[in-house]
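Proteins get letters first, then strands, A, B, ... in listed order; numbering begins at 1 in each. Keep in mind that the numbers below use all heavy atoms, side chains included, and drop hydrogens, waters and symmetry copies.
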Number of protein chains: 2
Amino acid sequence: LDCPAEFLAFADRLADAAGEVVRRYFRQPVEVITKADKSPVTIADRETEKLLRSLVARTYPAHGLIGEEFGAERPEAEFVWIFDPIDGTKQFIAGRPLFGTLIGLLHGGRPLLGVIDHPALRERWIGAQGHPTRFQGQPAKTRACAELSLAVLGASSPHMFGTTEATAAFERVRKAAGLAIYGGDCYAYGLIASGFHDLVIEANNGIHDFLPLVPVIEGAGGMVTDWQGRALGLRSGDKVLAAGDQRMHEAALKLLAWN
Amino acid sequence: LDCPAEFLAFADRLADAAGEVVRRYFRQPVEVITKADKSPVTIADRETEKLLRSLVARTYPAHGLIGEEFGAERPEAEFVWIFDPIDGTKQFIAGRPLFGTLIGLLHGGRPLLGVIDHPALRERWIGAQGHPTRFQGQPAKTRACAELSLAVLGASSPHMFGTTEATAAFERVRKAAGLAIYGGDCYAYGLIASGFHDLVIEANNGIHDFLPLVPVIEGAGGMVTDWQGRALGLRSGDKVLAAGDQRMHEAALKLLAWN
């Protein structure tokens, strides 16, 4: 399915509305609650997701909803919206502007549309099946990268990988790459779409963290899969590998494999 | 010496001029040269430093100059300007807007004035002896933080510490801190001055990387020293510890110590 233009325009409006809320709380004193999985959440996360859910419910009442903070409603619907109201809550808390709002639309469980919006920076990537990815309204394109030793590699943190095996796998790629940059969260995926990063490798992510990225990166000429090279979907695990050039995707897959 | 207002106004003009050059090159294809110390440099670094040096030479011909790219002239002068044209060249190359231009003025070898300017974000901290630090023209203030377990800790990268001992020392603080965020370069020091970070711990820095930060952090109520708690000056080593609250400075010093 090519994404209907109506959904693209609606996603832009969702991101506009979310940004208004998020900017109101950025660099203001906000209470930080630690969730069961030890990750932080603020009223800004919750208020933003509530707003996004209510806007979808009003405009497309038959569509499903999945959000980081408030779970799933009608996840079996043909069209399902998926939200991470503030991806990079740690950055948000620490006063850094690279956090983003992720908005995705799934069709039959497959990513159809995605928005990576950075309210504090007023920067937005939007991608959808059948449409070229746009950054600030202009077409975005991944870049060619033939050698891992020249690649810019992004990851939120080298401490995010959980298990010894996954940490070691990441370290193999990091040591082979030209440059490793941390602290990017979803911004790093946008920078792949715009041709400034070549790889992003992450783990311990939820579907709300990565399904919205898929159309942005694919529509810019890149690829994003799990660490076995499989397409990402509702039942994917926690591991993500994104690349701007297929050669980098293949090179990273080889280094990430264990057993 | 309280910093004369004339120097503050001149430093603002220097940062304005540098920002014009840097923004012209940001996210444009630029050649990256690898220096002898393996760090990258671009024409944007070099052109910016040349401009800053020529502006000082024209306005204050008796003042000294120290820059990351073109070395020292008259470093024994009473007043010496010190520049890092692009602090965070890796971020600049990778398309991330957190890199900054650092401008400092030393009086008798001691930091008198400092600017942390972020051309892509259009954000600026300026601090000077005898003046409160300002962010975007408004007073900036560090925050209180009584417990390391609540502290936000920044560092450019966990891989920057070089020796095993220094890496282990950093890891002791990281594991005790509430939150570690990487990929900040000089932005992290600004966020201490504005009360969003509590600690920054770095190594392998040159004097151009840290002397301009000193007045910004001190003028906001914080402190910045080497890892032994000594004041930073022209002959300091490569290690920096900045804190917004004296209790965090003391707690970090204890954990950083070895032998």
Report the option among A:Pro97, A:Gly154, A:Gly195, A:Gly184 that has the most heavy-atom pairs separated by less than 4.5 Å from atoms of chain B.
A:Pro97

Test side-chain contact (heavy atoms from CB on, under 4.5 Å) applied to B:Ala257 - qualifying residues, sequence neighbours left out
none

Test of understanding: with ring pair (Phe, Tyr, Trp, His ring centres under 6.0 Å), list the residues that count as partners of A:Phe170, not counting sequence neighbours.
A:Phe161

Using side-chain contact (heavy atoms from CB on, under 4.5 Å) as the criterion, point out the one residue from B:Val216, B:Ile126, B:Ile103 that pairs with B:Ile116.
B:Val216

Inter-chain polar pairs, chain A versus chain B: which donor-acceptor atoms lie under 3.5 Å apart?
| residue | atom | partner | partner atom | Å |
| --- | --- | --- | --- | --- |
| A:Arg27 | NH1 | B:Glu123 | OE2 | 3.3 |
| A:Arg27 | NH2 | B:Tyr187 | OH | 2.5 |
| A:Ala94 | O | B:His197 | ND1 | 3.2 |
| A:Arg96 | NH1 | B:Tyr182 | O | 3.4 |
| A:Arg96 | NH1 | B:Gly183 | O | 3.3 |
| A:Arg96 | NH2 | B:Tyr182 | O | 3.3 |
| A:Glu123 | OE2 | B:Arg27 | NH1 | 3.3 |
| A:His159 | NE2 | B:Arg174 | NE | 3.2 |
| A:His159 | NE2 | B:Tyr182 | OH | 2.5 |
| A:Arg174 | NE | B:His159 | NE2 | 3.2 |
| A:Tyr182 | O | B:Arg96 | NH1 | 3.4 |
| A:Tyr182 | O | B:Arg96 | NH2 | 3.3 |
| A:Tyr182 | OH | B:His159 | NE2 | 2.5 |
| A:Gly183 | O | B:Arg96 | NH1 | 3.3 |
| A:Tyr187 | OH | B:Arg27 | NH2 | 2.5 |
| A:His197 | ND1 | B:Ala94 | O | 3.2 |

CD1-CD1 distance between A:Ile192 and A:Ile217, expressed to the nearest 0.5 angstrom:
5.0 Å

Sequence neighbours left out, what passes side-chain contact (heavy atoms from CB on, under 4.5 Å) with A:Pro212? Give chain and number order.
A:Ile82, A:Leu102

Please step through side-chain contact (heavy atoms from CB on, under 4.5 Å) for the pair A:Leu148 and A:Leu199, ending with a clear verdict.
CA-CA 9 Å; A:Leu148 210 43; A:Leu199 284 167; 3.6 Å; yes

